[in-house]
Amino acid sequence: MAKKSSISEENLVIVESPAKAKTIEKFLGNNFLVKSSYGHIRDLAKKDFGIDIANNYLPNYVVSDDKKEVVRELKKLAKSVKTVWLASDEDREGEAIAWHLYDELGLTPENTKRIVFHEITKSAILNAVENPRDINIDLVNAQQARRVLDRLVGFELSPVLWKKVKPSLSAGRVQSVTVRLIVEREREIFAFNPKSSYRVTAVFNVTNADGRVSEMKAELSKRFATLEETEVFLNKCKGAQFKVSDITKKPLKKTPAAPFTTSTLQQEASRKLGFSVGQTMSVAQKLYEAGKITYMRTDSVNLADTALKMASEQITGVMGEEYLKIRKYQTKSKGAQEAHEAIRPTELNKPTVSGSQQEQKLYELIWKRTIASQMSDARLEKTTVQIKADGVSEHFVASGEVIQFDGFLKVYLQSSEHDGETEGEEDAGLLPPMNVGDQLMYEMIEARERWSQKPARYSEAALVKKLEDLGIGRPSTYAPTISTVQNRGYVVKEEREGKERAYRYLALKNDEIFSEQKTEITGAERNKLFPTDVGMVVNDFLMRYFPNIVSYDFTAKVEMQFDEISLGKIVWNESIDEFYKSFHQQVEETLETSERNTGERHLGEDPKTGKPVIVKIGRYGPMAQLGESSEDEEVEKPKFASLQRGQHLETITLEEAIRLFDLPRDLGLYEDKKVVVGIGRFGPYVRHDGKFVSLKKGVDDPLEIELDRAIVLIERKKKSR
DNA sequence: CAGTGAGCGAGCTTCCGCTTGACTT
């Protein structure tokens, strides 16, 4: 429904989001016109930092290009109404938006009111209108300090990298710590030394009262460090009489998780639906714009009273009173500002929704999580059975769980913390009935060599969780930050194939021990974040010269300052000055004293020519160099070769680097024309008769490929056209 | 579609946090 002439209204309400504006307009009477500012309308100018450092860090704000039109319209409307209601979010950034609007639209105290609400419900909006206040200038100043600090750090640090590492690179309070996390995790993995031990499991036959026999799995309570110990144990088990030595039953309670925030939604959508964080946000945006869910960029786990009422009706109506338990959740995350509700369906009596498949799936996930958060605990009984044999000191343990009341599990299965793991717990089912003293025959006892797990590489969603734990970044920046570090070439999201690993396997059956060598695939990765060479070199540089900025608690420390500013206890530009004086000196000193950092490594000498072999970051990325450049015309110029996919400055060996200079390589003649293999701008290729055939990664290695195989590829290409 | 890597210097790059579309293949 189009509004009547917009000039006739007496009140103009300005919120941040247009979807929000539409909803709110319905709650307010005809006297109110509701418009959106589309977020911030101004930002620091680009040139000269946008800050007059000598003049108390006076910010120079300009209306952003894409907001000129918005500001023009708001200005016009503001003039035509009696009262302008600034209704941006109640957090640091929202308060600043209100202040920028006030300033830029030329408002006055007489015609302006500041209102806030944390949920988009009729009662919350009407209540806000009843209780206007003034703009909180201390909170605005805290935001200015935040903005100025980020600009100073980003715009002073990035140029240092341009001079010392490579042009166009970037550094910042958030992105540089993000890269650090990934680099350090990669090095932990590289340094990790897996240790093996033997895990022993057994299958016992349990005879029921009616004579039926069922199988029961049990695990030995101890792992053995060596094959010898394992064999000694299995020998002891030969002919041993196993008995049930103990049965304990313990009640177990499971509690639902809090409703979704941006970060937890990204994590669950990644685990259960395989979405990237960017994908989750754009699908959620669609649902939000269609009015199907509440705002998707939030750090709050709170639900509006109206939502609790809807949940209560839905749960009691469909599942019964005993499934209902209304709960209030508290946020645990550092620096949460809770300007919004948790992410929930706008109407809780709709378990499904129309739309694309992705929208349907994400919506259902949100619906289930929201409903489950207001449901009863699940009650389980956990049974643990101990099994022992005379003369054997170690014992087996079998455990089972029985659900006595499913509670919230009826709608929502929480996924485990393990990344990549999908829903469901261990295969703990029901145990067959038994009594202490019962004799059990073993069907089989197996021992399998197992390795300790290396630390897990970050997925996008796991990285977001880590950042949130450290209080770094905000709901609106998690997805963009992950794009930035990839766009800068610091991080890549990749698949890695696993490697084969041999392990020992022993089995005791019919009192005989069998031993076998088996193999497994280990270390395969899908959609995980890896640091690039540039990422590592930049991180090492920052760690050496700016450890304070890339420290994990830098953000937490400055946040404490911002809090003080927002309480009016300290003056914002004095706080910035204290930081900037020493930081700027640090920048100057680094520019003067630090060497160019290209991650250069001397691998040794080429045995054929005696020339040195080095690897470093060149203009076009990581490369190897054979020989040194020299002023002397007599001396041969050095040779260069790019590193291949999967090769890294830190780990490449002399032999691998030397082989890179074998390219381009003559394979021989085919149809009287030369066949040459090399690496070009677009990767490895085979050239024949002026035509190129690309080699697929992981299929053909340019260093290994033979003439026969190359001919196959050439012929295949000929046929395909 | 199929290398490049010296050194100089012009002119450019760059931050974080609020919001949506606007562009196509």
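This is a predicted model, so every value here is computed, not measured. Below, chains carry the letters A, B, ... as their sequence lines are ordered, and counting in each starts from 1.
- As judged by a 4.0 angstrom heavy-atom cut-off over every strand, A:Arg146 is placed among the base-contacting residues.
- Residues satisfying the side-chain hydrogen bond (donor to acceptor under 3.5 Å, both in side chains) test with A:Lys611, not counting sequence neighbours, are A:Glu636.
- Near DNA chain B, defined here as any heavy-atom distance below 4.0 Å, the residues from residues 481-490 of chain A are A:Thr484, A:Arg488, listed numerically.
- Here A:Ala171 lies in heavy-atom contact (under 4.0 Å) with sugar-phosphate atoms only.
- For residues 470-484 of chain A, every residue pair satisfying the side chain to side chain donor-acceptor pair (under 3.5 Å) rule, not counting sequence neighbours, is listed here: A:Asp299-A:Arg474.
- The number of heavy-atom neighbours closer than 6.0 Å to CZ of A:Arg72, taken from other residues, nucleotides and ligands shown, is 12 or below.
- Applying the salt bridge (Lys or Arg N to Asp or Glu O under 4.0 Å) test to every pair with at least one member in residues 169-181 of chain A, sequence neighbours left out, gives these pairs: A:Asp150-A:Arg173, A:Arg180-A:Glu184.
- Applying the ring pair (Phe, Tyr, Trp, His ring centres under 6.0 Å) test to A:Tyr545 and every residue at least two apart in sequence or in another chain returns A:Phe541.
- Note on A:Leu152: nothing from the nucleic acid sits closer than 4.0 angstrom, heavy atoms only.
- Among the protein residues, A:Tyr478 comes within range of no part of the nucleic acid, since none of its heavy atoms lies under 4.0 Å from any strand.
- Using a 4.0 Å heavy-atom cutoff across all strands shown, A:Pro159 reaches at least one base atom of the nucleic acid.
- Note that the first and last nucleotides of DNA chain B, 5' to 3', having any atom under 4.0 angstrom from a heavy atom of chain A are B:dC1 to B:dT20.
- Qualifying ring pair (Phe, Tyr, Trp, His ring centres under 6.0 Å) partners for A:Tyr61, counting only residues two or more places apart in sequence or in other chains: A:His100.
- The residue A:Arg147 sits close to a base: some heavy atom pair falls under 4.0 Å.
- Secondary-structure annotation of DNA chain B gives no stems, with a stem taken as at least 3 successive Watson-Crick or G-U pairs whose two distances both fall under 3.5 Å.
- Residue contacts for A:Ser642: at a heavy-atom cut-off of 4.0 Å it reaches a base atom on one of the strands shown.
- The gap from the C1' atom of B:dG9 to that of B:dT13 amounts to 16 Å, rounded to the nearest Å.
- Comparing A:Ile679 and A:Glu16 by the nucleotide of DNA chain B that holds the closest heavy atom to each, the one mapping nearer the 5' end is A:Ile679.
- Note on A:Gln143: nothing from the nucleic acid sits closer than 4.0 angstrom, heavy atoms only.
- Using a 4.0 Å heavy-atom cutoff across all strands shown, A:Gly473 reaches sugar-phosphate atoms only and no base atom.
- Contacts of A:Ser170 with the nucleic acid, taken as non-hydrogen atoms under 4.0 Å apart, involve only primed sugar atoms and P, OP1 or OP2.
- Within the structure, salt bridge (Lys or Arg N to Asp or Glu O under 4.0 Å) pairs that include any residue of residues 284-293 of chain A do not occur (at least two apart or interchain).
- Residue A:Val153 is classed as having no contact, given no heavy-atom separation below 4.0 Å to the nucleic acid.
- Listed by chain and number, the residues in a ring pair (Phe, Tyr, Trp, His ring centres under 6.0 Å) with A:Tyr288 are A:Tyr295 (sequence neighbours excluded).
- Counting any heavy atom pair closer than 4.0 Å across all strands shown, A:Asp66 reaches no nucleic acid atom.
- Salt bridge annotation for A:Glu595-A:Arg544: absent, with no cationic side-chain nitrogen under 4.0 angstrom from a carboxylate oxygen.
- Looking at heavy-atom distances under 4.0 Å, A:Gly172 makes contact with sugar-phosphate atoms alone, never a base.
- Within the structure, the salt bridge (Lys or Arg N to Asp or Glu O under 4.0 Å) test picks out no pair touching residues 151-168 of chain A (sequence neighbours left out).
- Counting heavy atoms of neighbouring residues, nucleotides and ligands inside a 6.0 Å radius, atom NZ of A:Lys68 exceeds 12 of them.
- With sequence neighbours left out, the ring pair (Phe, Tyr, Trp, His ring centres under 6.0 Å) criterion links A:Tyr102 to no other residue.
- Nucleic acid contact class of A:Phe49 (heavy atoms, under 4.0 Å, all strands): none.
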